[in-house]
Asker: 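My questions all concern the structure below.
Order of the sequence lines fixes the chain letters, A, B, ..., with proteins taken first and strands second; residue numbering starts at 1 for each chain.
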Amino acid sequence: MSEYRVIGIGGNRTHLEGYIRSFASDPRCEVVAIADEPDVTTYRKEQNQALAAELNLPYLSLDEALEIDGVNIACACPDIERRGRILSRCFDAGLHVYMDKPLAGSVEDAVQIERAASKAGTVTQMFSQVNTPWAQAAKRAILDGKTGVVAALHCDMLMAKGHLSELAGDQPRTERGSDGKFTFVEAKRELFDMGVYPVSLATWLSGQRVREVEAITTNYFFSEHEQLDIEDFGAMLLTFEDGTIATAMAGRIGVHSYPTSGQQQVSIIGDRGYFRFADSESKIEVYSEETIFSAGERHPLDPMMMWASTRNEIGQTQKRSWQSLFPADPTADIRAFVDCIDSGKRPEVTVTDAVHHVEVIMAGYESARTGRPVKIS
Amino acid sequence: MESTHVLLPASCRRDEVGPLELKSYWKQLERSVTSAIDAGDIGVPRALRVTLHADASEWDTESTFALILESANSWFGGQPEPAEPATGKDTVHVAMLRWRSGATALLSGSTSTGAEPSGDLTLLGSRGSVYHRISGVDDL
């Protein structure tokens, strides 16, 4: 029997598609079931059952899964709106929890999760970029003094997926703030979904809390987002406790707008100069008569190309024009989580960090709505 | 609709960009980006990120910032509104700006003693994007 028994909460067309396979590839772990609440939508239930079938696992109710003998890890990717109660239940059952990003759709839900985690005293980690080679290199440069005193951090997460499309209107988008709804089949709110990457990266690199947030969400790139009246792009200006500045660009920019899955980078301005760390920066470049990349047709249920399962359905191939010399290991973040359970070491991004990320992003929505900076207490 | 990414030819390599030539280098970059926009390569410009770092013995942060703001105004057509003042510490000026069209920019001008000109540019349009690096990247 493996050291850890893992349940996955969610299914296809959630990040569980990738995370749970990473757990399955770790010899210390045995994935024992896919689970969710019994009253999920038919669409969600079918996607969950499909993933369970692909992995030859039982699909159970959350109650049944939590009662499996010896289960001690939950990999939790339920819909954003259900995370407060589901993650709290996992902690109440005494599980270590690997959490999808962002933690929750409101500060209240995030705090509820943190309280349950604190009571359980188990290990928590939220998915982020901090275990990638380029983020680790950036952290080392700061800690080793190579950058000198940091004055500014500039972080980008621009996802090159989805087919850019003609917009119905030509007016700037008007932000209405967060209404707590983040789950849509065809698109996501990207200040939230992509914005959590630069927010988590900048706070991890600085080791500080953000005290003030400004944000703009006036752009549209995709008709799908325009029709849903949700943002596909956002910019943020963050001020940390000591006055250090961070900026973040986050969103979706179109599948043909970058040679890899997206621009992921951080530039550090220190008193010793400018330092840039980026995914795929050290690379070979391949140009050929052969078809290097095929985007595939628009999938009606995943036009933003969010999920590996639907990208496979439309025959999309891997982008291979830029091939990194130091490719990120897709299992690294989950391996680091299991390492922390083994060693008792604190994960790099815990539930407490994740609560702050939600605070920052929600302050960002409020700033974008009002046009004013928003302070975080 | 197909979108495109435009990797501008690095006509000036890092070792060819001295502090005194930064302004002429930048203006050439501005012309190249304008040419890509005018050719319709990226559709309508919608978001810009520029980080420009220069030698403190040749440039001050205000001048570095002003250089990139001028380019942003050129690509987006007019002044941002409201024209937010830049913020940051002595050695870096950072601003998040928006234009009447909704176009957004994050601009950062900074200096340090003895620095080689360096930085990066990302311009996102409705049909594609322009990228440019002014220097190499640190070793992983």
Asker: Looking at A/Arg298, I want to see if its CZ is surrounded by more than 12 non-hydrogen atoms of other residues, nucleotides or ligands under 6.0 Å.
Answerer: yes
Asker: Heavy-atom cut-off 4.5 Å, strictly under: side chain, backbone, both or neither for A/Phe222 against chain B?
Answerer: neither
Asker: For residues A/Ile269 and B/His53, determine if any side-chain heavy atom of one lies less than 4.5 Å from a side-chain heavy atom of the other.
Answerer: yes
Asker: Name all residues meeting the side-chain contact (heavy atoms from CB on, under 4.5 Å) criterion together with A/Leu325; count only those two or more places apart in sequence or in a different chain, and write none if there are none.
Answerer: A/Ser282, A/Ile284
Asker: I'd like to check the side-chain contact (heavy atoms from CB on, under 4.5 Å) partners of B/Glu30; sequence neighbours left out, ordered by chain and number.
Answerer: B/Trp26, B/Lys27, B/Thr34, B/Ser71, B/Ser74, B/Trp75
Asker: Find out whether A/Ile245 and B/Val92 are in side-chain contact, i.e. whether some heavy atom of one side chain is under 4.5 Å from a heavy atom of the other.
Answerer: no
Asker: Would you kindly say whether A/Ser267 and B/Asp120 are connected by a side-chain donor-acceptor distance under 3.5 Å?
Answerer: yes
Asker: Chain B: which of A/Ala215, A/Ala295, A/Gly251, A/Gly234 shares the most heavy-atom pairs with it under 4.5 Å?
Answerer: A/Ala215
Asker: Measuring from B/Arg49:CZ to A/Thr247:OG1, what's the distance to the nearest 0.5 Å?
Answerer: 3.5 Å
Asker: By side-chain contact (heavy atoms from CB on, under 4.5 Å), which residues pair with B/Thr64, not counting sequence neighbours?
Answerer: B/Leu52, B/Ala54, B/Trp59, B/Thr111
Asker: Which atom names give the shortest non-hydrogen contact between A/Phe221 and B/Arg46, and what distance separates them?
Answerer: CZ-CB, 3.7 Å
Asker: Identify the two heavy atoms, one from B/Gly102 and one from A/Thr218, that lie closest to each other, and give their separation to 0.1 Å.
Answerer: O-OG1, 2.6 Å
Asker: Using modelled atom types only, decide if a donor and an acceptor are shared between the side chain of B/Arg127 and the backbone of A/Leu164 within a distance under 3.5 Å.
Answerer: no
Asker: Would you mind checking which part of B/Leu124 comes under 4.5 Å of any heavy atom in chain A, side chain (CB onward), backbone (N, CA, C, O), both or neither?
Answerer: both
Asker: Considering residues, nucleotides and ligands other than B/Glu62, do more than 12 of their heavy atoms fall under 6.0 Å from its CD?
Answerer: yes
Asker: Walk me through it: do B/Leu106 and A/His154 pass the test side chain to side chain contact (heavy atoms under 4.5 Å, CB included)?
Answerer: CA-CA 9 Å; B/Leu106 284 170; A/His154 301 306; over 6 Å; no
Asker: Pick one of side chain, backbone, both or neither for A/Ala248, based on which atoms fall under 4.5 Å of a heavy atom in chain B.
Answerer: backbone
Asker: Cut-off 3.5 Å, side chains only: do B/Thr51 and A/Arg276 have a donor facing an acceptor?
Answerer: no
Asker: How close do B/Ser129 and A/Ser257 get, heavy atom to heavy atom, and via which atoms?
Answerer: OG-CB, 3.6 Å
Asker: Please look at A/Thr244 and chain B and tell me whether the side chain, the backbone, both or neither of the residue comes under 4.5 angstrom of a heavy atom of that chain.
Answerer: both
Asker: Would you mind reporting whether B/Arg98 and A/Pro172 have side-chain heavy atoms less than 4.5 Å apart?
Answerer: yes
Asker: Measure the spacing between CD of A/Glu214 and CE of B/Met96 and express it to the nearest 0.5 Å.
Answerer: 5.0 Å
Asker: So which residue, A/Gln171, A/Arg173, A/Gln263, ends up with the most heavy-atom pairs under 4.5 Å with chain B?
Answerer: A/Gln263
Asker: Do the side chain of A/Arg272 and the main chain of B/Ser112 share a donor and acceptor less than 3.5 angstrom apart?
Answerer: no
Asker: Tell me, for A/Asn219 versus chain B, whether the close heavy atoms (under 4.5 Å) come from the side chain, the backbone, both or neither.
Answerer: both
Asker: So which part of B/Thr104 gets closer than 4.5 Å to some heavy atom of chain A, the side chain, the backbone, both or neither?
Answerer: both
Asker: For residues 235-243 of chain A, give me every residue with a non-hydrogen atom less than 4.5 Å from any non-hydrogen atom of chain B.
Answerer: A/Ala235, A/Met236, A/Leu237, A/Asp242, A/Gly243
Asker: Heavy atoms only, distances under 4.5 angstrom: which of B/Ala103, B/Gly114, B/Gly119, B/Ala47 has the most pairs with chain A? Name it, please.
Answerer: B/Gly119
